[in-house]
**Student:** 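So that we are looking at the same thing, I have put the structure below in structure tokens.
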Amino acid sequence: MPIHSKPNYWILETDSTAYSLGVNSHGLLTHAYWGKRLPSQNDYPETPVMVNWESFNNAAHLTPEEYPAYTGMKYVEPDILVTFPDGVRDLVLHFEDAELQAGEKPELHVHLRDDHYPVQLTLHYRVHEAQDLIERWVSIHNLGGDPVMIERIFSALWHLPPGQDYFLSHLTGNWNDEMHLRRELLTYGSKILESRRLTTSHQHNSWFVIDHGNVDEDHGEVWFGVLAWSGNWKLTAEVTDYAATRLHQGLNDWDFAWRLNQGETFTTPSSLAGYTPDGFSSASQKLHDYAREHVLPHGKMLNKVLYNSWEATFFFVEEESQARLAEMAASIGVELFVVDDGWFHKRDNDWTGLGDWWPDEEKFPHGLAPLIQKVNSLGMDFGLWIEPEMVNPDSDLYRAYPDWVIHFPTRQRSEGRNQLILNLARQNVRDYLIEKIDHLLSEYNIRFIKWDMNRHVSEPGFMDSPGDPREIWVRYVQGVYSVWRELARRHPEVVWQSCSGGGGRADFGILQLADQIWVSDNTDAIARLSIQEGFSRVFPANTMEAWVTDAGKDILPLSFRFHASMCGVLGIGGNLMLWSPDDIAEAAKWIDTYKDIRHIIQLGDLYRLRCVSHDNCPAIQYVSKDQAESVLFAFRTYMPEPYRLSPIYLRGLIPEAMYNVEGCATPRTGAAWMHDGLQIDLNNFQSTLRLIKRVE
Ligand code: DGJ
């Protein structure tokens, strides 16, 4: 059992790390340790006890409380704020008891209780030993008669070892330009990252990494984490006035409130965090392994090479032209043919149709069956695009139920891409969507769904909410999850992709439902190298759908575009009808190669050998878990001549074993490839793929 319990003290051990907490002599639940696993259980520090220091520095303010509530003379960020029925806004939590739960993923539950009001708070911990991760979430239970208003309830507070300077790495971006790495020194005060957009957002991701500054991809201590949630979230990185660094992570408290009635429990999403002494690549690998082992619906499945119609035909999808594309796709080895936007009732452009989820009568006079049969007869699975959460005002659905959208009754409804958002906090909306999509999935042989979401929220009204109208932020996301979960339950044969105008909904919450993420609408391979690198910091390659399209084709050779997309789940999105016979032959060759190596890419360990964020010659390596096979991709974007590329030092090989690197004359030991490296010369806009195999 990796959770050890001493009187009023608990140690959570993973394979290489440890986390400890306890109740100090003042009765406060206090953080004690988080970092490398120590040889003996007696090595872990006692829970700290702080004393007042002048009237301005009360003990409560100085103590590294495990989960501080707003009460007393405490001016650090609290993790929970409530208002009791009598208007009191002061939550005084005392340790009640703790339980351990054995099992495959052992858990610790620590119960705290207010000393006056009938409210119980439970801090939950789950240990993921092999991935060195601790999962935390919180539940609050109203044991009394009157409702309690929750105004903030974060999932976890992560304390960093005291007395050090820390850097925060995070991802920022925009639509068409997601996932750029930023790294900055944390100084006194708070740095807030958040989403207020109803979904995860392209702008910021809830992933974080903290380090001391002397860290690279392979060396140095880092603490890292994610929030498993697809709605408004918040991360506050706080350096207190006594230089204690701590990270609060959870639901965004901006415009948030939740009425907790008698006997009800509110549970937060999970925050997952880990520690590694081995740099940024190691932190990514642990998250990747966790996603594949514990999160994804089919984490060990090899994802198929798909074709997607969007960039080839946009809204002009109809039976005949899609059938011709399907023939071309099958001829180059595609395994899954996906019809994107444009297939449903009156969807000729982005002004109409959303909400009316049945095939357009003109484009598909006999429904989708003839096209699906054609696709299947070509040996491919069939997939379809939907955007269930949205409605165009010009649709049968909106004409029938205009009040189903998120809105304030007295305000104009702001449209984004000519669409409004259905309020999935409402049960009748959920039921409608389940019925319509279930019908599609039952009638047709559909094996893949791309679930899109193409705007963010405005006028977030929910006037007939069963609780406080501001519950919409959470109830909406619960609604998305519940519709999706129900459809997945009824149709286990379907693989799902999460898309929100590209990578607007990429998080560990949605990955419990979706095996793949559409990373960005930007399919230019050079832009992709950077976006994909940011994505790879959090998510494994088997979730990273990447298409070869016609973007950038005047500068970038087809091989470069293929190599960039082969770094994830390879897809094709270009207009094959316009590709030359040479391009078609080359595409078939790369798809064939990809099928031979995709197990290494999708399920192996990733090493960022040279990062595009520092270098115009990025290199990425994937290594199979048994370290017998590996794939190296190297790219050169643009460097003015003369320029000599530095050697590439491989990673993840067994030092004593011999490996052959494609294109190199003689096998060498893993140690030689890793420490002496190999020289690969590339011209501007050239790339290479090298297979690496253990030979003895
Ligand atoms: C946004 C997606 O990211 C694109 O791939 C495409 O599906 C369009 N929506 C369709 O409207």
Side-chain angles (χ1 to χ4, degrees), residues 173-179 197-203 230 306-318 321-322 325 329 336-357 359-360 363 382-392 394-395 415-422 437 440 446 448-456 495-507 510 514-525 527-528 531-532 535 539 543-551 565 568-575:
N174 249 305
W175 171 75
N176 223 29
D177 194 24
E178 298 86 340
M179 305 273 174
R197 294 170 180 259
L198 189 64
T199 188
T200 325
S201 94
H202 308 81
Q203 285 69 20
S230 314
L306 66 76
Y307 182 83
N308 179 291
S309 66
W310 177 242
E311 292 196 24
T313 49
F314 292 103
F315 297 102
F316 309 111
V317 289
E318 39 75 56
S321 62
Q322 292 302 300
L325 266 178
L336 165 66
F337 185 82
V338 182
V339 173
D340 207 284
D341 199 351
W343 61 269
F344 49 97
H345 184 57
K346 296 218 184 309
R347 182 67 166 177
D348 294 331
N349 50 49
D350 59 15
W351 288 87
T352 55
L354 290 173
D356 299 344
W357 298 113
D360 183 72
K363 294 174 180 172
F382 181 81
L384 200 62
W385 177 97
I386 53 175
E387 193 178 1
E389 297 151 83
M390 299 293 157
V391 65
N392 287 117
D394 188 358
S395 66
E415 292 176 19
R417 207 196 190 198
N418 316 306
Q419 59 199 53
L420 298 165
I421 306 180
L422 290 170
I437 300 166
L440 269 177
I446 295 172
F448 181 92
I449 287 283
K450 172 175 174 177
W451 179 310
D452 204 347
M453 182 202 194
N454 281 303
R455 63 159 290 185
H456 292 150
V495 171
W496 303 79
Q497 184 225 83
S498 166
C499 169
S500 174
R505 185 148 58 194
D507 59 76
I510 213 65
D515 276 299
Q516 294 179 36
I517 290 174
W518 179 230
V519 181
S520 179
D521 277 349
N522 193 334
T523 58
D524 178 290
R528 272 288 176 142
I531 294 169
Q532 292 182 180
F535 187 89
F539 306 106
T543 65
M544 189 175 85
E545 199 180 304
W547 311 338
V548 179
T549 69
D550 301 321
S565 294
V569 179
L570 175 63
I572 315 294
N575 190 347

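Just so you know, ligand 1 is whichever comes first in the structure, and atom 1 is the first atom listed for that ligand.
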**Student:** What I want to check is whether the side chains of N454 and E387 have a donor and an acceptor closer together than 3.5 Å.
**Tutor:**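 Yes.
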
**Student:** E545 and W547: side chain to side chain donor-acceptor pair (under 3.5 Å), yes or no, with the steps?
**Tutor:** CA-CA 7 Å; E545 199 180 304; W547 311 338; 2.8 Å; yes

**Student:** Does ligand 1 have any N/O atom under 3.5 Å from a protein N/O, and what are those pairs and their distances?
**Tutor:**
residue	atom	partner	partner atom	Å
ligand 1	3 (O)	G502	N	3.1
ligand 1	3 (O)	D521	OD1	2.3
ligand 1	3 (O)	D521	OD2	3.3
ligand 1	5 (O)	K450	NZ	2.7
ligand 1	5 (O)	W518	NE1	3.4
ligand 1	7 (O)	D340	OD1	2.7
ligand 1	7 (O)	D340	OD2	3.2
ligand 1	7 (O)	W385	NE1	3.1
ligand 1	7 (O)	K450	NZ	3.0
ligand 1	7 (O)	D452	OD2	3.4
ligand 1	9 (N)	D452	OD2	2.7
ligand 1	9 (N)	N454	ND2	3.4
ligand 1	11 (O)	D341	OD2	2.6
ligand 1	11 (O)	R417	NH1	2.9
ligand 1	11 (O)	R417	NH2	2.9

**Student:** For R347 and D341, what are the C-alpha separation, side-chain angles and deciding distance, and is it a salt bridge (Lys or Arg N to Asp or Glu O under 4.0 Å)?
**Tutor:** CA-CA 8 Å; R347 182 67 166 177; D341 199 351; 2.9 Å; yes

**Student:** Any side-chain donor paired with an acceptor under 3.5 Å for D521 and W518?
**Tutor:**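 There is such a pair between these side chains.
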
**Student:** Which word best sums up how the rings of W310 and F314 line up, parallel for under 30°, tilted for 30 to 60°, or perpendicular for over 60°?
**Tutor:**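 It falls in the perpendicular class, over 60°.
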
**Student:** Looking at every heavy atom in both I531 and D177, which two are closest together, and how far apart are they?
**Tutor:**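 The pair with the smallest heavy-atom distance is CD1-CA, 4.1 Å.
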
